[in-house]
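For reference, the structure discussed in these notes is given below.
These numbers come from the heavy atoms of this one structure, side chains and all, not from hydrogens, waters or symmetry mates. Residues: numbered from 1 along the sequence shown.
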Amino acid sequence: MQYHFQLTVTDILKRKHFENIQFIAGQGGLYRVVKWVHVVEVAKIKSLLNGNELILSTGVGWRDDPQAFVAFLQELIDSNASGLCIDMGSSVFPIPQEGVALANEHQFPILLFLKEVPFVEITHDIHSHLIHQHYQMISNLEEYSQQLNKKLLSIQHHEEILSLLHDHLGHTVLFRMKGNDVQVVPSSSDVSYAFLVECQGKELLQKRVAHQSIQVLGQNYADLYIYAEDEEISEYDTLILDRTSTAVAQHLLRDLYVEEKKQAEEDEWVNSWLHGEHTEIEIADFLKSSYANGKCKGGTVCICKFHEFPQSGSDKTYFKLLFRTIFEQLGFYALSIEKRNEATFVLLNYREAKNQKQRLEMGIEKLLNSEFIKKRKTVVTVGVGKLIEQLSDMHRSFKTAQETIRVQNNLAKVCHFYEDLHMYRILSMLNEQSDLQGIVMEYLDPVVRYDKKYNGKLMETLRVYLSCNGSKQETANRLFVVRQTLYHRITKLEGLLGNDFMNSEKRLVIEFMLQAYDYLVSTKQMKQYPVER
């Protein structure tokens, strides 16, 4: 159904008193909208017009002055008047060809009444019709608003609102939500978003397009367009479009609220899962009712820590979508929760468990080399926890993923998987459960104090000597010292650590303590000892 709550020049020509007319210029402007009718007999009129007026005149003020007529005509065109009707019934006079050419150039209609007509009856007739149209337009707007309100109470998708808009106006409707494809109603239409953009640069076509941005929570969330194929967009069309955009915004806001509430409930459930608060049966029921079918073959937790977390909500959303897309292609289903500058993903494995780690490595590589990361120059630390078989053990994977992130941050060591941390896993556990520094200093304290007091290099010498398996020549070469200097340092080490420090068992402990010392220093947990003077 199409509603025409506007008069065009073509409509005017069908009304009373327009039977005996002659078009002399601007027939291409018959589409022009007429919002009012004025009788004008003065040459200076520009300041008195608001646009879309049809001008009636006998030409008294300019009929004997061709230049005055052209200037008068230019003012009408500049003021966006709808057309000029000249009464020739009482006195015939020539219309300057310069004026005719100007009217044709701007498609501005000029028509002549060949018989005398009563201007008062014309204005009364057209104004009465316009007022009636305005009243009818308000009634239809109210009726349409009520239909929208009823729709909002029952619809499941905003497409139903777009269809109502199309059915009501008959125009093609285009809807583009940020980050999504353009929706066109009816789907059979050939109108595209690219075509609408093209219309903006063409004066005649742009009058057939109307646009309304849809604001949700103060943000431009989507754009709504209508395209009129055979006529200009009317005032009624823009009012209907405005009401429709408001309804779509309300529906999208409701969807966002529902989605946010659902996401909050899911986040709370997943968070409690990561803290070991659910049984295997509860987890299976949750996954069965909400997510992909198929038997889950264990999984793991992956934490992505951003050193400069994307600020915009769209960036965060896009990163999570990118993560899910990459890992779903590799046989994982991802559940996510956010916490400050971290995104934590529960990865459920739906393929063979034997190549699970290889698939995870492929996913991390794709993620870190994605255009999203490269363009934003975002630094991301990725930590994958222990691979588990029982879903009720996911909290163990979560804790180990956190430990993997901690180790990477503290040691500046890139190691994405907890199971690849090896010695650092043991050091971390020892540090949590005992006085690791005390144990380390039982063995290395004399050497540490000596180096601090004398600015010596015994710790460096000890490391290299052990890594060279006790080879004095190789050690001297790597330290760039003469053998006599090395012998002196080894003698000092024997005095501080004991002559047996190279015996297999004691040597193994000292090597372990050197790594523990490095761990404590890098994690800034090594307390400073006063230097003896």
Side-chain angles (χ1 to χ4, degrees), residues 5-18 21-113 116-135 137-138 203-204 206-207 232-236 238-239:
F5 294 114
Q6 64 182 20
L7 279 176
T8 64
V9 175
T10 299
D11 297 323
I12 294 292
L13 297 181
K14 298 175 184 178
R15 304 195 69 79
K16 187 179 179 181
H17 303 302
F18 285 84
I21 62 167
Q22 177 186 351
F23 254 104
I24 65 168
Q27 293 195 33
L30 292 174
Y31 63 88
R32 288 176 177 264
V33 173
V34 177
K35 293 184 177 180
W36 207 245
V37 181
H38 277 321
V39 178
V40 177
E41 300 296 358
V42 295
K44 298 295 182 179
I45 186 67
K46 187 174 182 180
S47 62
L48 304 177
L49 300 181
N50 293 320
N52 298 115
E53 294 95 350
L54 182 67
I55 305 303
L56 306 179
S57 180
T58 62
V60 171
W62 41 261
R63 66 172 61 177
D64 298 324
D65 185 351
Q67 294 303 317
F69 171 70
V70 173
F72 172 68
L73 191 61
Q74 186 65 61
E75 285 198 17
L76 295 181
I77 293 171
D78 293 342
S79 300
N80 194 33
S82 303
L84 174 62
C85 302
I86 305 172
D87 185 358
M88 291 289 199
S90 57
S91 177
V92 178
F93 56 90
I95 303 297
Q97 286 303 308
E98 185 181 353
V100 172
L102 180 64
N104 282 327
E105 179 186 351
H106 293 278
Q107 296 187 343
F108 183 81
I110 299 179
L111 57 91
L112 307 179
F113 289 109
E116 188 175 2
V117 292
F119 281 177
V120 66
E121 292 186 17
I122 291 176
T123 56
H124 181 270
D125 172 60
I126 296 176
H127 290 169
S128 297
H129 184 77
L130 289 170
I131 292 170
H132 175 73
Q133 274 194 334
H134 185 71
Y135 174 78
M137 181 176 70
I138 293 174
E203 184 177 353
L204 295 179
Q206 69 182 3
K207 295 180 180 180
E232 287 187 8
I233 294 293
S234 68
E235 180 183 5
Y236 180 73
T238 58
L239 291 171

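Under the 3.5 Å distance criterion, the side-chain polar atoms of R32 are matched with a main-chain donor or acceptor of A81. A distance-only check finds no donor-acceptor pair linking the side chain of N52 to the backbone of V34 [under 3.5 Å]. Side chain of S82 to backbone of V33: a donor-acceptor contact under 3.5 angstrom is found. Not one N or O on the side chain of S79 forms a donor-acceptor pair closer than 3.5 Å with the backbone of G51. Looking only at distances, a side-chain donor or acceptor of R63 sits under 3.5 Å from a matching main-chain atom of T58. With hydrogens and angles ignored, the 3.5 Å screen pairs a side-chain donor or acceptor of D11 with a backbone N or O of T8. Using a distance-only test at 3.5 Å, with no hydrogens or angles considered, a donor-acceptor pair links the side chain of T123 to the main chain of V120.
Two residues are said to be in side-chain contact when any heavy atoms from C-beta on lie closer than 4.5 Å; L56 and V40 fail this criterion. Counting heavy atoms from C-beta outward, L13 and R15 have side chains that stay 4.5 Å or more apart. Side-chain contact check for F18 versus I12: some heavy-atom pair is nearer than 4.5 Å. For the pair L48/E75, no side-chain contact is recorded, criterion being any heavy-atom separation below 4.5 Å from C-beta on. Within the 4.5 Å cutoff, side-chain heavy atoms of I138 are placed close to those of H134. Contact annotation: the side chain of E53 never approaches that of K35 to less than 4.5 Å [non-hydrogen atoms, C-beta and beyond]. At a threshold of 4.5 Å between non-hydrogen side-chain atoms, the residues W36 and L54 do not count as touching. For the pair V39 and I55, the minimum side-chain heavy-atom distance is 4.5 Å or more.
Pairing each heavy atom of M88 with each of L112, the nearest pair is CE-CD2, 3.9 Å. Closest approach of P96 and P94 over heavy atoms only: CD-O, 3.7 Å. Summarising the geometry of F69 relative to G99, their closest heavy-atom pair is CE2-CA, 3.9 Å, with the distance given to 0.1 Å. When all heavy atoms are compared, the tightest approach of P109 to L30 is CG-N, 4.4 Å. Residues G28 and Q107 share a closest heavy-atom pair of O-OE1, 3.6 Å. Closest approach of E116 to D87, counting heavy atoms only: CA-OD1, 3.7 Å.
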*asked:* side chain to side chain contact (heavy atoms under 4.5 Å, CB included) for L111 and F23? Distances and angles first, verdict last.
replied: CA-CA 4 Å; L111 57 91; F23 254 104; 4.2 Å; yes
> Would L84 and I86 satisfy side chain to side chain contact (heavy atoms under 4.5 Å, CB included), going step by step from the backbone distance to the final call?
Replying inline: CA-CA 6 Å; L84 174 62; I86 305 172; 3.8 Å; yes
Checking side chain to side chain contact (heavy atoms under 4.5 Å, CB included) for the pair I77/E105: CA distance, chi angles, key distance, verdict?
-> CA-CA 11 Å; I77 293 171; E105 179 186 351; over 6 Å; no
query = Does the pair Y31 and T10 meet the rule for a side chain to side chain contact (heavy atoms under 4.5 Å, CB included), with working shown?
reply = CA-CA 7 Å; Y31 63 88; T10 299; over 6 Å; no
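In this pair, F113 and F119 present their aromatic rings tilted. The plane angle is within the 30 to 60° band.
Atom CD of E41 sits about 8.5 Å away from atom CZ of F72, to the nearest 0.5 Å. For the atom pair Q27 CD and I110 CD1, the distance stands at 11.5 Å (nearest 0.5 Å). To the nearest 0.5 Å, the span separating CE on M137 from OG on S234 amounts to 8.5 Å.
Enclosure of atom NE2 in H127 by more than 12 non-hydrogen atoms of other residues, nucleotides or ligands within 6.0 angstrom is indicated. In the displayed structure, E98 atom CD is contacted under 6.0 Å by at most 12 heavy atoms of other residues, nucleotides or ligands.
Of the charged side-chain nitrogens involved, none lies within less than 4.0 Å of a carboxylate oxygen, so that D125 and K16 do not count as a salt-bridged pair.
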